[in-house]
Amino acid sequence: MQITKHKVVKIHYTLTDDDGEVIDSSEGGEPLAYLHGVGGIIPGLEEVLEGKSAGDQFKVSVQPEDAYGDHSEELLHEVERSHFEDIDELELGMQFQVDADDGPMMVTVVEITDDTVTVDGNHELAGIPLNFDVTVGDIRDATQEEIDHGHAHGESGHEH
Ligand code: ZN
């Protein structure tokens, strides 16, 4: 079976940056299960997976425009520290979900002063070329329910 639209695909992957540092890996754990062809994974990786079969191995370098986009200064926001007074210990790197114009967005605290807090709405992997080492695992047809939901269910998929 080949990977085409609406297959549920399991992949084992190791993701490294250009210095060879491992950013993320499924090694030693469960593979990632995703629904192919609906934009559930980054475009640069989904494109390469199209047509692959179980057992195929490949490496691909994905540029930011085909991954999480460039790092945008416009997504840096300085807000008054009083907005965070409910947080006991505000620290750099803390993440919060906030309501943005086009829905919920994760932001990361990148600077704290006495009066202000700067949060960054960029994805933590924005602006970074991503190097994937991928092994394709099981491939199966998606159920109608999975297609309706737009994601894979069950083992290593969406639990709900
Ligand atoms: Zn679902």
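All values derive from a computational prediction rather than experimental measurement. All ligand and atom numbering here is 1-based and tracks the order in the structure.
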TODO: Using the six-membered ring wherever Trp is involved, compare the ring planes of H158 and H153 and label them parallel, tilted or perpendicular (cut-offs 30° and 60°).
DONE: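 H158 and H153: tilted rings.
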Open item on the list: For the Zn ion (ligand 1), what is the number of protein N, O or S atoms at a distance under 2.8 Å?
Closed with: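 With waters ignored, the protein N/O/S count below 2.8 Å is 4.
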TODO: With sequence neighbours excluded, tell me which residues meet side chain to side chain contact (heavy atoms under 4.5 Å, CB included) with Q2.
DONE: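 Expected list: S53.
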TODO: Please list, chain by chain and in numerical order, all residues satisfying side chain to side chain contact (heavy atoms under 4.5 Å, CB included) with I23, sequence neighbours excluded.
DONE: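 With neighbours one apart ignored, the set is L15, D17, L125, L130.
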Please report, to 0.1 Å, the donor-acceptor pairs under 3.5 Å made by any side chain of residues 74-99, with sequence neighbours excluded.
residue	atom	partner	partner atom	Å
R81	NH1	T113	O	3.1
Q95	NE2	T108	OG1	3.1

Open item on the list: Is a donor from one side chain sitting under 3.5 angstrom from an acceptor on the other, for H12 and T135?
Closed with: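 There is no such pair between these side chains.
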Task: Check: H123/H71 side-chain N/O donor and acceptor closer than 3.5 Å - done: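 There is no such pair between these side chains.
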